[in-house]
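As structure tokens, the structure follows; a few thoughts come after it.
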Amino acid sequence: MMVSALYAGTARVIITPPLGCRLDGSYSLDFAEHILDDLFANVVVLDDGCVEVVLIAADVTSIPGPTVKEIAERIEQTCGISKHHVIITPSHTHSSTSMGTTLLGKLPVHWDYVESVKLKMVEAVDAARRAKQPVRLGVGRSSNPNHVFNRRLTAPDGSIRMNWVKDDLDGCVSEGIVDPEMLVIKLVDENGRAVAFLVNYAMHNNAVGRPNISADISGHMTKVLQSVYGESIVVLFLPGACGDINFIDFRTYEWGNPENYKKIGLGLAGTIMELDPVLYYPEELGLSMTYTAVNIAERLYTDRDTKEDATFGTAATEPFFAYYKEARAMHGHEEPGSHEFTIYCLTIGSRIALLTNPAELFVELGLEIKQASPYDYTFLATLTNGLAGYVPTREAFARGGYEIRKMPVFSYLELDAGERFVQASLALLQGKA
């Protein structure tokens, strides 16, 4: 039976950490000195009368699997929504503090902050659930190639150089592919007013830089949308497969310009507003959630992990190679184990799918999933419901660079992890999992 009625409730709660907290997303020990803007946990609860689903997008770098599990269990206990119907995605701002990850046990975690975010998320879900109202759902796609660049440059000698390096780039070229597609869902109330946006775009959300707290690019994108559609709208930014993608055109990027994140956020908001008038509003809106476990082995340490080269240029400010060597010295003698991850697939009607993945997937893997999906609109939310670190392609491992070096939490799965995730994702999308 076709389900044509959909209800949605929204909420957003401030989760800004205090000044002095340790900033996440770096190999350096940095502490917050300024708050540029507040961080939020943004919540949408969807209900078709039979199935209820929670979507949370939070302004943090990442959320480890055990933390996600605890939040989902608390939501089930407090709100009566199945823990298997909870999707939690970090916006991947690097201007936030850790939700439980550390680097070789050296970087502090503010556990009181982590606990406060857990509580606030559950409270926000409860508030959103109580605020459900009838909505219509529009969906569409556009393209914005202006803010996605493959960050793995090819140097004249064929080696890989990261595009955030500010020196030693003479003769480098950008050969890697990108995914400029933006997918958007808009929820509107019975009066046609915008209630929420879900935005899926494959780009690293980390233009602000140290020593600031900020929701970064997606935060400014949200502010622009709120200035047009009203301050009450909730915007969920879902990073796509951007393990090797950022916003830096190394040939023209204005390093040190504090307005960079605002320029990019404005550009993304503009794409959404341009798409808005031509969104498709399907009549079939039934919800379905499926999920499957994926077991992936951990890879061995090799000389590839500790080889000193020009990946980070000649004036790197972060102690990458020292950490790689320390990690291998600490763990290189250990027998690698395996790790279990869960990927989820929320379908809305017969044309829309929202697929999750816990890794920082390389864009090539994301494109493979999207291109083979049987759904017209396949949202791929990475770093979601867990943390699997970087998952590069096999070719990337052969060529070197940053993401392919083994480091606990950040990059540790076997070389076939990308293929395993693609296979499991397509099986889930095709109903064969």
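Excluded from the calculations below are hydrogen atoms, water molecules and symmetry mates; all remaining heavy atoms, backbone and side chain alike, are included. Treat the numbers as computed from the prediction; the structure is a model and nothing was measured.
- A perpendicular orientation is assigned to the rings of F321 and Y324, their planes being inclined by more than 60° (bins at 30° and 60°).
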Distance-only check: which donor-acceptor pairs under 3.5 Å involve side-chain atoms of residues 9-21, not counting sequence neighbours?
residue : atom : partner : partner atom : Å
R12     : NE   : N42     : OD1          : 3.1
T16     : OG1  : D38     : OD1          : 2.7
T16     : OG1  : L39     : N            : 2.9

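- Every pair passing salt bridge (Lys or Arg N to Asp or Glu O under 4.0 Å) that includes a residue from residues 350-364 is listed here, sequence neighbours excluded: R351-D376.
- Ring planes of H204 and H92: perpendicular class, angle over 60° (limits at 30 and 60°).
- A donor-acceptor pair shorter than 3.5 Å can be found between the side chains of E284 and S350.
- Applying the side-chain contact (heavy atoms from CB on, under 4.5 Å) criterion to T302, with sequence neighbours excluded, gives R304, D305.
- The salt bridge (Lys or Arg N to Asp or Glu O under 4.0 Å) contacts involving residues 154-164 comprise R161-D168, where partners must be two or more places apart or lie in separate chains.
- Every side-chain contact (heavy atoms from CB on, under 4.5 Å) that N257 has, sequence neighbours left out, goes to E254, E259, N260, K263.
- Checked against salt bridge (Lys or Arg N to Asp or Glu O under 4.0 Å), K186 has the following partners two or more places apart in sequence or in another chain: D276.
- Pairs of residues two or more places apart, or lying in two chains, never qualify as ring-ring contact (aromatic ring centres under 6.0 Å, His included) while including a residue from residues 367-389.
- Screening residues 416-427 for side chain to side chain donor-acceptor pair (under 3.5 Å) gives R394-E419 as the qualifying pairs, with residues at least two apart or on separate chains.
- Residue pairs meeting the side chain to side chain donor-acceptor pair (under 3.5 Å) criterion with at least one partner in residues 216-225, sequence neighbours excluded, are N205-S218.
- Identified under the salt bridge (Lys or Arg N to Asp or Glu O under 4.0 Å) test for residues 23-32, with sequence neighbours left out: R22-D24, D30-R210.
- Note on ring orientation: taking the six-membered ring where Trp is involved, the planes of Y253 and W255 are perpendicular (angle over 60°, cut-offs 30° and 60°).
- Contacts classified as ring-ring contact (aromatic ring centres under 6.0 Å, His included) and involving residues 150-183 (residues at least two apart or in different chains) are given here: W164-Y402.
- The closest side-chain heavy-atom distance from F362 to E403 is below 4.5 Å.
- Pairing each heavy atom of A241 with each of L380, the nearest pair is CB-CD2, 4.2 Å.
- Considering only residues two or more places apart in sequence or on other chains, P277 meets the side-chain contact (heavy atoms from CB on, under 4.5 Å) condition with none of them.
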